Amino acid sequence: MGGTRSVQVVAVVAAVVFAAGLVFAYFQRPNGTDSGQSGIDPGMRCGTTVCQVVIGKSVGKDLVELLSGTGGGRIRVTGESGPFVFEMTIAESGATVNGQSLLCSEATISVCLVRGEQNGKVLGEVLIRKDGTWSRAQAAYLSSAGYLGLHDVNEDGTADVVSAQRGCDGQCNNSFVQVFSALGPIIGCTTPAPAREQLAGWPAPAPKLSQLRPCANS
């Protein structure tokens with residue numbers, strides 16, 4: 001009888017240690033790594049179908065995930081900051097998201113860029129974590145030259161949105177880079193190049209602040 005009780009105690013202790021190990025592993029995930037698992041989320045609908053988890057990235061002790069369905073999508077945040085769910089506006093506009101659609105930069109003010117292709121253009125939206133709370137940036141982003149990314153151009157510690165654009169309202173090959181603060185205002189534009197492939201750093205242009213000038217019509 002005593003031997004049976006000892007076995008039961010050992011089993012309970014082992015289960016507790018195992019569970020604690022899972023919790024520890026969750027909170028020790030490295031920042032910026034892919035951590036979302038593809039699969040169906042039966043508890044949430046995206047457009048007219050059940051949400052499908054496309055990709056997730058950890059931002060500190062938060063997990064940011066893109067969920068997609070027919071005609072819609074959502075952005076879900078879980079973890080230390082608490083649960084948040086946002087409608088994915090680019091999905092509602094017809095953009096397609098995939099495993100490359102989510103970029104996140106962790107800092108005092110963390111930034112996540114959601115991007116997707118639509119009719120040869122790239123649409124984007126931004127989430128910001130500030131003071132432990134996630135919110136959606138009011139601006140929507142569009143790249144007519146096929147690139148949206150994150151880079152701290154003005155070196156203030158918060159990632160900026162970098163967007164490649166075709167000149168002449170998209171009617172010529174001249175291309176330039178626009179840079180926006182994720183907190184709202186436009187920072188500036190580069191001098192146009194004869195083709196997007198000639199933009200410095202292409203296919204991931206990351207201009208320096210000294211290379212920017214006021215944007216035309218801004």
Side-chain angles (χ1 to χ4, degrees), residues 32 46-47 54-55 57 64 66 68 70-75 86-105 107 109-128 135-218:
C46 294
V54 178
I55 182 64
K57 287 187 177 292
V64 181
L66 303 188
S68 180
T70 302
R74 297 178 186 268
I75 309 165
F86 303 90
E87 293 292 332
M88 191 189 304
T89 59
I90 65 168
E92 295 176 353
S93 299
T96 301
V97 296
N98 55 36
Q100 305 300 315
S101 292
L102 179 61
L103 297 176
C104 292
S105 174
I109 300 177
S110 296
V111 178
C112 283
L113 169 67
V114 181
R115 57 189 182 176
E117 294 187 4
Q118 190 241 4
N119 295 330
K121 299 179 180 180
V122 182
L123 307 183
E125 59 190 293
V126 163
L127 296 184
I128 297 170
S135 61
R136 184 202 302 276
Q138 295 301 308
Y141 301 94
L142 180 147
S143 167
S144 59
Y147 178 79
L148 275 176
L150 293 177
H151 181 68
D152 185 8
V153 176
N154 60 6
E155 299 182 346
D156 65 351
T158 300
D160 305 306
V161 179
V162 178
S163 175
Q165 307 289 358
R166 291 195 183 278
C168 316
D169 294 325
Q171 302 302 310
C172 64
N173 289 328
N174 286 353
S175 297
F176 61 97
V177 173
Q178 280 181 310
V179 180
F180 301 86
S181 166
L183 302 177
I186 188 168
I187 296 175
C189 293
T190 63
T191 300
R196 67 176 188 173
E197 290 77 14
Q198 293 180 265
L199 293 172
W202 186 264
K208 297 179 180 180
L209 187 60
S210 60
Q211 297 174 302
L212 302 183
R213 58 184 181 80
C215 298
N217 302 321
S218 63

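Count residues from 1 along the sequence. Given the structure is predicted, the values throughout are model-derived calculations rather than measurements.
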Could you note down all residue pairs passing disulfide bond (SG atoms under 2.5 Å apart) where residues 149-181 supplies at least one of them, sequence neighbours left out? Cys168-Cys172
Just how far is it from atom CD1 of Ile75 to atom CD of Glu125, taken to the nearest 0.5 Å? 4.0 Å
What distance do Asn98 atom CG and Glu117 atom CD have between them, rounded to the nearest 0.5 Å? 7.5 Å
Just how far is it from atom CD of Gln178 to atom SG of Cys189, taken to the nearest 0.5 Å? 4.5 Å
For Leu66 and Ser101, the nearest pair of non-hydrogen atoms, with its separation, is CD1-CB, 3.8 Å
Could you check if a side-chain atom of Leu123 sits within less than 4.5 angstrom of a side-chain atom of Arg115, using non-hydrogen atoms only? no
How close do Asn154 and Asp156 get, heavy atom to heavy atom, and via which atoms? OD1-OD1, 3.0 Å
Would you please test Ser143 and Ser163 for side chain to side chain contact (heavy atoms under 4.5 Å, CB included) and show each step? CA-CA 6 Å; Ser143 167; Ser163 175; 3.6 Å; yes
To the nearest 0.5 Å, what is the distance between CG (Leu212) and OG1 (Thr191)? 9.0 Å
Could you go through the side chain to side chain contact (heavy atoms under 4.5 Å, CB included) check for Leu209 and Ile187 one step at a time? CA-CA 9 Å; Leu209 187 60; Ile187 296 175; 3.8 Å; yes
If you count the non-hydrogen atoms of other residues, nucleotides and ligands that lie under 6.0 Å from CD in Gln211, is the total more than 12? yes
Does atom CD of Gln198 have more than 12 heavy-atom neighbours, drawn from other residues, nucleotides or ligands, at distances under 6.0 Å? yes
If you take all heavy atoms of Arg74 and Met88, which pair is closest and at what distance? O-CE, 3.3 Å
Nearest 0.5 Å, what's the NZ-OG1 distance between Lys208 and Thr190? 14.5 Å
If I compare all heavy atoms of Ala159 with all of Ala182, which pair ends up nearest, and what's the gap? O-CB, 3.5 Å
Are any side-chain N or O atoms of Asp152 and backbone N or O atoms of Gly157, one a donor and one an acceptor, separated by less than 3.5 Å? yes
Verdict with supporting geometry, Val122 and Leu142, side chain to side chain contact (heavy atoms under 4.5 Å, CB included): CA-CA 6 Å; Val122 182; Leu142 180 147; over 6 Å; no
Among residues two or more places apart or on two chains, list those pairs meeting ring-ring contact (aromatic ring centres under 6.0 Å, His included) that have a residue in residues 154-198. Tyr141-Phe180
Side-chain touch Ile109/Leu183, heavy atoms, less than 4.5 angstrom: yes
In terms of heavy-atom contacts, Gly149 and Leu103 come closest through CA-CD1, 4.0 Å
Is any side-chain heavy atom of Val162 closer than 4.5 Å to a side-chain heavy atom of Tyr147? yes
Any non-hydrogen side-chain atom of Leu150 less than 4.5 Å from a side-chain atom of Val161? yes
State, to 0.1 Å, how close Pro207 and Val153 come at their nearest heavy-atom pair, and which atoms those are. O-CG1, 3.4 Å
Give, for atom SG of Cys46 and atom CD of Glu92, the distance between the pair rounded to the nearest 0.5 Å. 10.0 Å
